[in-house]
Amino acid sequence: MASVGLGAGGWRANPGRRAGGHALVRGGICRRACAWFESQAWFGAAEFLWHCEGPSDSSDGRVRYRLDLPADAADPSGQPLRAVYEVGAGGSLRMTLTVANVGEGSASVEMALHTYLRVGDVRRTRVRGLSGVGYWDAAAGGVDRVQREEDIAFAGEVDRVYGVARPLEVHDPVLDRVIHVRSDGAEQTVVWNPGERIGDAITDMAPGEWSSFVCVEAALCRGHAVELAPGESCTLGQTLSL
């Protein structure tokens, strides 16, 4: 797996699981693109080996990396998809995931950029910008709720799919910074941290590592899956800055 660190303070766990003789490193930005996001039958393309075509310079002074996942490796179910993941680093970090249907039939695709952001202590971290928005609460068994508070706090497991994608702020008083998150091509925002009980049970993270990250993801999932006709593609993007 290609592990992509966040220049503005990415998070990475110690190597855990292995695939094809390569250690899988949880962290950076994992690329998810699959046909069964809701049932979690396939975690995503992050666990496959990507071909890296970068780095390359551009006229705007940014350095870009391109990761290409061939169609025959994109989905173990045989879904005929091709994925291209691009990262541009400069004054901000820009990421895009493009999934194309290279088969002869239609394909239903769900996508997310599973972005691990390093924080000093997630219990003191707040995500701001989703007040008043409805969300699907997976941690509570899959119930629909509304964000009543101004900020999202992390007192335990948080696993939510919010029904909008808008500019957000991640306030980190321990590291004394605010991370600005902007998405495009997305219809939803996923916010996730496993909390202590689940986090300490995850085998590819050391005890306590769960407290040093939060995931704020651009997403197209569940009711916002994209139907791709043969030859069509869809792009999901996210920009991070301080």
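Note that this is a predicted model, so its numbers are computed, not measured. All values below were derived from every heavy atom in this structure, side-chain atoms included, with hydrogens, water molecules and symmetry-related copies excluded.
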Taking the side chain as everything from C-beta on, heavy atoms only, tell me whether [X] gets closer than 4.5 Å to [Y].
{"X": "Thr115", "Y": "Val216", "result": "no"}
{"X": "Arg182", "Y": "Ser92", "result": "no"}
{"X": "Leu130", "Y": "Arg166", "result": "yes"}
{"X": "Cys221", "Y": "Val161", "result": "yes"}
{"X": "Leu113", "Y": "Leu97", "result": "yes"}
{"X": "Arg94", "Y": "Asp184", "result": "yes"}
{"X": "Leu240", "Y": "Met95", "result": "yes"}

Could you state the interatomic distance from [atom1] ([X]) to [atom2] ([Y]), rounded to the nearest 0.5 Å?
{"X": "Ile152", "Y": "Tyr162", "atom1": "CD1", "atom2": "OH", "value": "3.5 Å"}
{"X": "Ser183", "Y": "Gln238", "atom1": "OG", "atom2": "CD", "value": "4.5 Å"}
{"X": "Arg124", "Y": "Ser211", "atom1": "CZ", "atom2": "OG", "value": "12.0 Å"}
{"X": "Glu169", "Y": "His180", "atom1": "CD", "atom2": "NE2", "value": "5.5 Å"}
{"X": "Ser241", "Y": "Leu93", "atom1": "OG", "atom2": "CG", "value": "9.5 Å"}
{"X": "Leu220", "Y": "Met111", "atom1": "CG", "atom2": "CE", "value": "6.5 Å"}

Under a 3.5 Å threshold, yes or no: a donor from one side chain and an acceptor from the other, between Gln188 and Arg222? no
Is a side-chain donor-acceptor pair under 3.5 Å present for Asp200 with Trp210? yes
Exactly one of Arg128, His171, Arg126 should register a side-chain hydrogen bond (donor to acceptor under 3.5 Å, both in side chains) with Asp151. Which one does? Arg128
Steps toward side-chain contact (heavy atoms from CB on, under 4.5 Å) verdict (Val119, Val174): CA-CA 8 Å; Val119 296; Val174 175; over 6 Å; no
For the pair [X] (side chain) and [Y] (backbone), establish whether a donor and an acceptor sit closer than 3.5 Å, ignoring hydrogens and angles.
{"X": "Asp137", "Y": "Val143", "answer": "no"}
{"X": "Asn193", "Y": "Phe213", "answer": "yes"}
{"X": "Thr189", "Y": "Val164", "answer": "yes"}

If you look at every heavy atom in [X] and [Y], which pair is closest and at what distance?
{"X": "Thr98", "Y": "Ser233", "value": "CG2-CB, 4.1 Å"}
{"X": "Gly103", "Y": "Pro230", "value": "O-CB, 3.4 Å"}
{"X": "Ser108", "Y": "Ala225", "value": "OG-CB, 3.8 Å"}

Look at the aromatic rings of Tyr116 and Trp192 and report parallel, tilted or perpendicular, splitting at 30° and 60°. perpendicular
Do Leu175 and Leu242 belong to the same hydrophobic cluster, where Ile, Leu, Val, Met, Phe, Trp and Tyr are linked whenever their side-chain heavy atoms lie under 4.5 Å apart, directly or via other members? no
Could you walk me through whether Asn101 and Glu232 pass the side-chain contact (heavy atoms from CB on, under 4.5 Å) test, one step at a time? CA-CA 6 Å; Asn101 180 2; Glu232 287 187 336; 5.5 Å; no
